[in-house]
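These numbers were taken from a predicted model, which means no experiment stands behind them. Both backbone and side-chain heavy atoms feed into the values below; hydrogens, waters and symmetry mates do not.
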Amino acid sequence: MTEHSTSHEGRQPTTAARPYERTRPRQEADADEAKAAKDIAAAAAIPAPAAPARPEGDRLRFVGAATRRIARGIDLDEIVLGLCRATVPTFSDAILVFLRDPLPVGDERPVTPFVLRLRRTDRLRLPEETDQEEALEPLAAELCEVRSGGALAEVLRGVRPVFGDSAAARAALPELLGGGHPVPTGHRTILAPLRGRRRVIGAAVFIRRPEGPSFEPNDLLVAAQLATHTALGIDKAVLYGREAYIADELQRTMLPDSLPQPTGVKLASRYLPAAETARVGGDWYDAIPLPGSRVALVVGDVMGHSMTSAAIMGQLRTTAQTLAQLDLPPAEVLHHLDEQAQRLGSDRMATCLYAVYDPVAHRITIANAGHPPPVLLHLGGRAEVLRVPPGAPIGVGGVDFEAVELDAPAGATLLLYTDGLVESRLRDVWTGIEQLRERLAATAQLTGPDHSPPLEALCDDVLDMLGPGDRDDDIALLAARFDGIAPSDVAYWYLDPEEQAPGRARKLARKALARWGLEELSDSMELLVSEVVTNAVRYAERPVTLRLLRTDVLRCEVGDDAPQLPRQRRARDTDEGGRGLFLVNRLARRWGATRLSTGKVVWFELPLR
């Protein structure tokens with residue numbers, strides 16, 4: 001989109017003014033902008049007429065100050081704005097900056113046709129210009145298509161700036177500005193192509209009013225220097241923008257798009273990169289549903305801030321997900337992650353905390369590998385740092401990891417985080433952990449002793465504790481609110497693997513549903529339980545487990561010691577079996593099967609009508 005900005009400074013027009021003699025610089029709100037403007041103005045000032053021997057030195061000082069201002073920009077808009085602020089009003093009364101649309105990146109072949117878009121204009125407004133509409137009237141058309149072999153294409157191909165009254169510029173400027181925007185009579189112009197490392201990426205037009213000094217031949221050298229630094233800066237900005245986009249995409253794909261909502265627990269998360277220039281880091285979090293309505297909570301931190309760190313993080317996260325699906329104990333998961341890190345390289349270090357929450361037992365099992373300890377916020381407002389064995393970081397090798405099992409009362413909130421939240425140049429990690437604990441307790445006091453603070457708001461409030469000097473590292477944050485499942489909503493039995501097991505399972509399920517007032521689901525539940533238990537006792541050698549859970553859905557879980565997972569298939573007309581899972585798939589809201597270290601669990605859910 002074209003942006004028009006107007007300076008409200010005035011100057012007294014005089015024909016005796018020298019090329020770099022202009023009004024005082026604008027008063028910028030930003031300190032850096034003000035300092036840069038002063039540098040340019042100081043460099044532009046020349047001695048009095050009695051000592052005219054140093055115009056070349058003054059011109060070089062101006063170019064140096066202007067190019068420093070341009071070079072300070074990181075993104076595209078900052079660089080273009082730096083060019084405009086450096087030249088208006090010190091070098092010209094107005095400037096037009098055109099850039100290729102779209103801008104090619106690196107070695108990309110530019111698209112055709114060759115189109116220039118007016119990226120920005122800037123002009124000096126004199127005191128006598130009281131007509132606001134006239135002062136803000138566009139100086140050029142927004143789009144210009146450069147015709148192959150045309151006058152504008154020839155000037156751009158020549159790369160060198162040209163005066164506006166030259167034969168080449170007189171033919172090229174109308175094509176660039178558009179027929180409805182001619183240069184006013186008497187105005188002096190310089191047309192400067194913007195050439196990057198490989199190709200022309202735009203053009204700049206410098207304009208002076210007729211009452212001011214004319215452009216001199218040496219001004220072409222100044223325009224060339226400004227154009228070159230601007231074009232190279234734009235090239236770097238476009239490449240940086242592409243790298244930042246790749247970094248953002250990499251980080252986004254490495255972290256979960258959304259968190260699951262398992263039964264008995266609510267989850268919320270946050271991720272903050274270390275800075276705009278370090279978007280990719282090694283911090284990650286995850287929540288993985290497990291059999292038995294349990295959930296694994298994971299947070300980790302790979303050393304470094306680079307694409308390599310993010311790639312290692314992705315590998316460790318994938319490994320942790322695979323190990324979680326095998327239902328390994330937390331300490332075993334960390335042991336295998338440690339082995340994986342050693343296979344990736346001798347210097348691949350990471351910290352990780354792995355926890356498994358059981359909403360039925362209201363317990364949580366935690367294993368730690370050199371990670372900051374979690375903080376548990378109780379319902380009454382008390383916040384405590386959990387005493388978890390610290391362990392060695394992943395990648396050290398040859399160490400044992402220890403797990404601890406703790407109570408997870410309903411209404412409590414567990415906060416897992418990376419060290420970027422609690423450690424910085426201004427504070428050590430334990431000071432930060434204590435500040436985090438105090439912040440959680442203070443937030444809980446606002447909602448009273450009988451209500452837990454909203455989870456999303458709690459995450460935002462935790463991040464608000466970060467000060468200006470506290471963002472030395474990226475931050476991953478995972479919060480889990482334990483709701484649990486009440487014992488009255490759980491029914492659990494063991495069934496011997498015999499022919500009578502399906503019939504007994506139907507009777508037990510019918511009684512449980514009658515106790516819960518869900519008799520209308522009895523027919524569907526008995527049919528599905530019978531099919532799943534029949535498949536289980538066919539291969540099981542040890543007692544089969546049957547569990548019913550009443551939450552927002554009615555969930556049935558059947559476990560056995562046979563590792564083979566059931567697969568749905570289409571039964572032939574002559575087959576005596578093979579239709580059980582077909583019925584489960586048709587009647588259940590959802591169903592699935594998970595392999596365990598001791599066998600498997602087949603589950604299905606029915607909606608509560």
Side-chain angles (χ1 to χ4, degrees), residues 281-288 296-304 309 312-313 316-317 319-320 323-324 328-342 344-357 363-378 382-408 412-441 462 465 470 472-480:
D283 290 16
W284 90 91
Y285 61 88
D286 219 337
I288 309 167
L297 307 174
V298 191
V299 65
D301 184 0
V302 177
M303 180 180 61
S309 299
I312 295 172
M313 177 265 283
L316 293 179
R317 180 179 174 232
T319 303
L323 296 170
L328 297 179
E332 280 295 308
V333 171
L334 295 184
H335 174 74
H336 289 293
L337 285 176
D338 180 59
E339 291 181 337
Q340 174 68 4
Q342 293 178 70
L344 295 176
S346 58
D347 57 345
R348 307 310 188 194
M349 305 286 289
T351 64
C352 182
L353 193 144
Y354 187 94
V356 175
Y357 170 62
R363 302 281 288 177
I364 186 165
T365 305
I366 305 175
N368 190 12
H371 204 79
V375 180
L376 185 65
L377 177 62
H378 292 269
R382 181 174 64 92
E384 64 169 326
V385 180
L386 297 182
R387 295 183 178 180
V388 179
I394 290 172
V396 172
V399 297
D400 292 329
F401 298 99
E402 183 180 352
V404 59
E405 186 174 348
L406 305 170
D407 287 328
T413 303
L414 184 70
L415 200 71
L416 309 180
Y417 53 92
T418 55
D419 59 358
L421 180 65
V422 294
E423 185 180 22
S424 70
R425 290 169 294 176
L426 305 180
R427 60 183 178 184
D428 62 78
V429 61
W430 288 108
T431 300
I433 291 174
E434 179 60 22
Q435 291 177 357
L436 172 62
R437 189 195 66 78
E438 294 175 352
R439 186 61 174 256
L440 290 173
V462 166
M465 67 178 277
D470 292 340
D472 298 330
D473 198 359
D474 48 336
I475 298 170
L477 178 66
L478 179 62

Discussion item. Can you confirm whether Thr418 sits close enough to Tyr285 that some side-chain heavy atom of one is under 4.5 Å from a side-chain heavy atom of the other?
Written reply: no

Discussion item. With heavy-atom distances below 4.5 Å as the criterion, would you say the side chains of Val396 and Met349 are in contact?
Written reply: yes

Worksheet entry | Flag side-chain contact, heavy atom, 4.5 Å: Cys352 against Leu337 | yes

Discussion item. Please give me the minimum heavy-atom distance between Leu334 and Ala369, naming the atom from each residue.
Written reply: CD1-N, 3.9 Å

Fill in: Heavy-atom check, side chain of Pro373 versus side chain of Asn368, under 4.5 Å
no

Discussion item. Please identify which of these residues, Val375, Leu376, Leu440, meets the side chain to side chain contact (heavy atoms under 4.5 Å, CB included) condition with Glu384.
Written reply: Leu376

Fill in: Pairwise side-chain contact, Ile433 with Tyr417, heavy-atom cut-off 4.5 Å (strictly under)
yes

Worksheet item: Atom CG in Leu316, atom CG in Asp286: separation rounded to 0.5 Å?
Response: 12.0 Å

Discussion item. I need the Arg439 CZ to Gln435 CD distance, nearest 0.5 Å.
Written reply: 10.0 Å

Worksheet item: CG of Leu353 to CG of Leu416: how many Å apart, nearest 0.5 Å?
Response: 5.5 Å

Fill in: Spacing of NE2 belonging to His371 relative to CD1 belonging to Ile394, to within rounding of 0.5 Å
10.0 Å

Discussion item. Distance check, rounded to the nearest 0.5 Å: Gln340 atom CD versus Ile312 atom CD1?
Written reply: 10.5 Å

Discussion item. For a quick test of reading the model, state the closest non-hydrogen atom pair linking Leu421 to Met465 and the distance between them.
Written reply: O-CE, 4.5 Å

Discussion item. Leu415 vs Leu377, test: side chain to side chain contact (heavy atoms under 4.5 Å, CB included). Steps then yes/no.
Written reply: CA-CA 8 Å; Leu415 200 71; Leu377 177 62; over 6 Å; no

Practice prompt. Taking all non-hydrogen atoms of both residues into account, name the closest pair between Ala331 and Ala367 and its distance.
Written response: N-CB, 3.8 Å

Worksheet item: Measuring from Trp284:CH2 to Met313:CE, what's the distance to the nearest 0.5 Å?
Response: 8.0 Å

Worksheet, complete the sentence: Tightest non-hydrogen contact, residues Gly282 and Asp474, listed as N-OD2, 3.4 Å

Practice prompt. Return the minimal non-hydrogen interatomic distance between Ser309 and Met303, and the atom names on each side.
Written response: OG-O, 2.9 Å

Worksheet entry | Heavy-atom side-chain contact between Leu414 and Leu386 under 4.5 Å | yes

Discussion item. For the backbone of Thr365 and the side chain of Tyr357, can you confirm whether one donor and one acceptor N or O come within less than 3.5 Å of each other?
Written reply: no

Practice prompt. Hey, could you give me each pair passing salt bridge (Lys or Arg N to Asp or Glu O under 4.0 Å) that has a residue in residues 330-340? Not counting sequence neighbours.
Written response: none

Discussion item. When you compare the side chain of Asp473 with that of Asp419, does any pair of heavy atoms fall below 4.5 Å?
Written reply: yes

Worksheet item: How about Asp407 and Arg363: do any of their side-chain heavy atoms sit closer than 4.5 Å?
Response: yes

Worksheet, complete the sentence: Closest non-hydrogen contact found for Asp428 with Trp430 is OD1-N, 3.0 Å

